[in-house]
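Just below is one structure, and these are the notes that go with it.
Note that these values count all heavy atoms, side chains included, but never hydrogens, waters or copies made by symmetry. Proteins get letters first, then strands, A, B, ... in listed order; numbering begins at 1 in each. Bear in mind the structure is a predicted one, so any value in this text is a computation, not a measurement.
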Amino acid sequence: MNDKLIYFLEITGLNWFVPLAKIAGGEPAGFQFQQLVKMIGLPLIAMLAFLFFWHFGAAKVDTSLGQLPGPVQVWEQVKVLNEEHQAERQRETDFYQRQEQRNANKLAKNPDAEIKVRDFNGRPTFIDQIWTSLFTVFVGFLLASLIAIPIGIVSGLSQNLYNAINPLIQIFKPVSPLAWLPIVTMVVSAVYVSADPMFSKSFITSAITVMLCSLWPTLINTAVGVSSIDRDLLNVGKVLRLGYFTTVWKIVVPSSIPMIFTGLRISLGIGWMVLIAAEMLAQNPGLGKFVWDEFQNGSSNSLSRIMVAVLAIGLIGFALDRIMLTLQKFFSYDKTANIR
Amino acid sequence: MESYLNIDHVSIDFPTANGPFRALDNVNIQINKGEFVSIIGHSGCGKSTVMNIVGGLYQATEGGVILQGKEVNEPGPDRAIVFQNHALFPWLTCYQNVELAVKSVFGKTRNRQQIRDWTLHNLELVHMTHAKDKLPAEISGGMKQRIGIARALAMEPKVLLMDEPFGALDALTRAHLQDSLMEIQADLNNTVIMITHDVDEAVLLSDKIVMMTNGPAASIGEILQVDLPRPRQRLDLADNADYNHYRSEVIKFLHQRHARKAA
Ligand SMILES: Nc1ncnc2c1ncn2[C@@H]1O[C@H](COP(=O)(O)OP(=O)(O)OP(=O)(O)O)[C@@H](O)[C@H]1O
Ligand SMILES: [Mg+2]
């Protein structure tokens, strides 16, 4: 049981807790305690030092919006933002209750009365914006992966195809999302016309921009992974007369999974960064818009609220990377490999 | 009479920057059913190339390979290959590695139970049943090579091709595997082509030793028939005059007569 717990902690990257689990499992506490100090103690010290410099450093910087906020003010805003979110949710439930009540009354008076059901449209809170951003990045990243992995596999298997598309990849890879954005916006407005759109245009624009920027690392890593497969493994497939798709599924994909995931992790990281920038520039809903709105708003709390957003962006980026790492470890055959 | 496997006047050119490079020139080997043939020669002379042509992985530029009266020019399970570096799929257990081969070759003709039995049977043949659920990374080099042999045997090949199957192993492990291979060979009477660098291994295992001249444009130097009675015991053979004669023949070839015979 304990072994399983430790395996789970290691695979999810929660290495910090491994020594605790080991002490609980009856392993010599002395050595594990040292490990604990190394894994938790040192980062803790660094964290405290950071907070210390932030606190005293920020106090010395005066901006047009007042003093640069320190950790205390930022923490205040975390609470405020959360309260705002709760309040908004409350308003939403109240709204729907009133509407239901009203409609019920109408129907009671006249069973044939026409009733109106309207959606609540309150202001999206910070937390709403987080979910919007997460969903957008997920969709963009998923689209990118669905395109990049198959192309990567096919071009990794065929040197000619790789040579053919390599210049294109090299040219598009360094393009900044901000350069893509106007083009994507115009194309989406032109092409995505429907009376009852399932997704808003701004969402599509953001997702496609994310996709365009997060295609390349996955594509390149997949192609490199596939082209460096042990020739003998492919020869075994030939001797067994496996078809193209069987070869891909049984040999190519499993052996290049580690490289594919390395690419996916980089892609997701880039996608997340790109998304925030795109949302800011295009005023598309999400965390980027939140930051931009606060900046325009320019109240005395704005800087603190932006810092909350910065920290949230960082923490979410970190969490996304951990999730990918966990998936990578889970799907890789070589569990002993030290994947960071 | 037509021989079982006929490597018929095979030559091969590899394209290089300086024009075609003739690696093999007019290689001619006849092999009977059930015969164990070793190919020996200096490094880089073209042994693997011969094997890859028989295996269908390379195409001969001239000549061809005829198996049971039919020309073969693409890879197939009738010519199973044991690779020098085992080439096991690292994400599959030993059992699954063998099973994949069995399923690909017999998936249409045998039912699940038969596939399972045949997989286990071949693991048993190489004495690896105990490790069937381990991953290749969890077993020793010798064990991996056993699984590689089991996988090849499981295809019921007409010809078993082995490219320095024991080259990467230490002497003791190698001796064990040679003994296992002789046992299996006595049982199944496969037709085998094995590449080796090891003179003792060649004499101990083979019915016929093919000695290749140095490249480029390597060819067959001599073919030595080894008529030692089977089963062969390595300890008894150490003092056997015939054995030592064969051994010295091969050594003499490798050290004196390896150059291409004057045309
Ligand atoms: N695909 C290829 N393209 C070009 N040249 C090749 C190719 N394969 C082999 N050669 C050349 O053919 C010659 C024979 O190579 P081969 O691998 O068959 O030698 P070998 O006898 O198996 O050597 P070793 O004992 O080191 O394994 C070498 O000179 C090699 O450089
Ligand atoms: Mg070789």
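Other residues, nucleotides and ligands contribute over 12 non-hydrogen atoms within 6.0 Å of the CZ atom of B:F21. Enclosure of atom CZ in B:F106 by more than 12 non-hydrogen atoms of other residues, nucleotides or ligands within 6.0 angstrom is indicated.
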Show me the side-chain donor-acceptor pairs of residues 124-132 of chain B shorter than 3.5 Å, one per line, residues at least two apart or across chains.
residue: B:E124; atom: OE1; partner: B:T129; partner atom: OG1; Å: 2.7

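Taking chain A as the reference chain and counting heavy-atom pairs below 4.5 Å, the highest number among B:L135, B:L100, B:L57 is found for B:L57.
Residues of residues 244-257 of chain A lying within less than 4.5 angstrom of chain B, judged on heavy atoms, are A:K250, A:I251, A:P254, A:S255 in numerical order. Using non-hydrogen atoms only and a strict 4.5 Å limit, the part of residues 76-97 of chain B facing chain A consists of B:G76, B:P77, B:R79, B:A80, B:I81, B:F83, B:A87, B:L88, B:F89, B:P90, B:W91.
Annotation: side chain of B:P75 is not in contact with side chain of A:N235 (no heavy-atom distance under 4.5 Å). Residues B:V105 and A:R241 fail the side-chain proximity criterion, which asks for heavy atoms closer than 4.5 Å. Between A:K238 and B:E74 the shortest side-chain heavy-atom distance does not fall below 4.5 Å.
A:F172 meets the ring-ring contact (aromatic ring centres under 6.0 Å, His included) test with A:W180; sequence neighbours excluded.
A:L233 touches chain B through backbone and side chain together, each having a heavy atom under 4.5 Å away.
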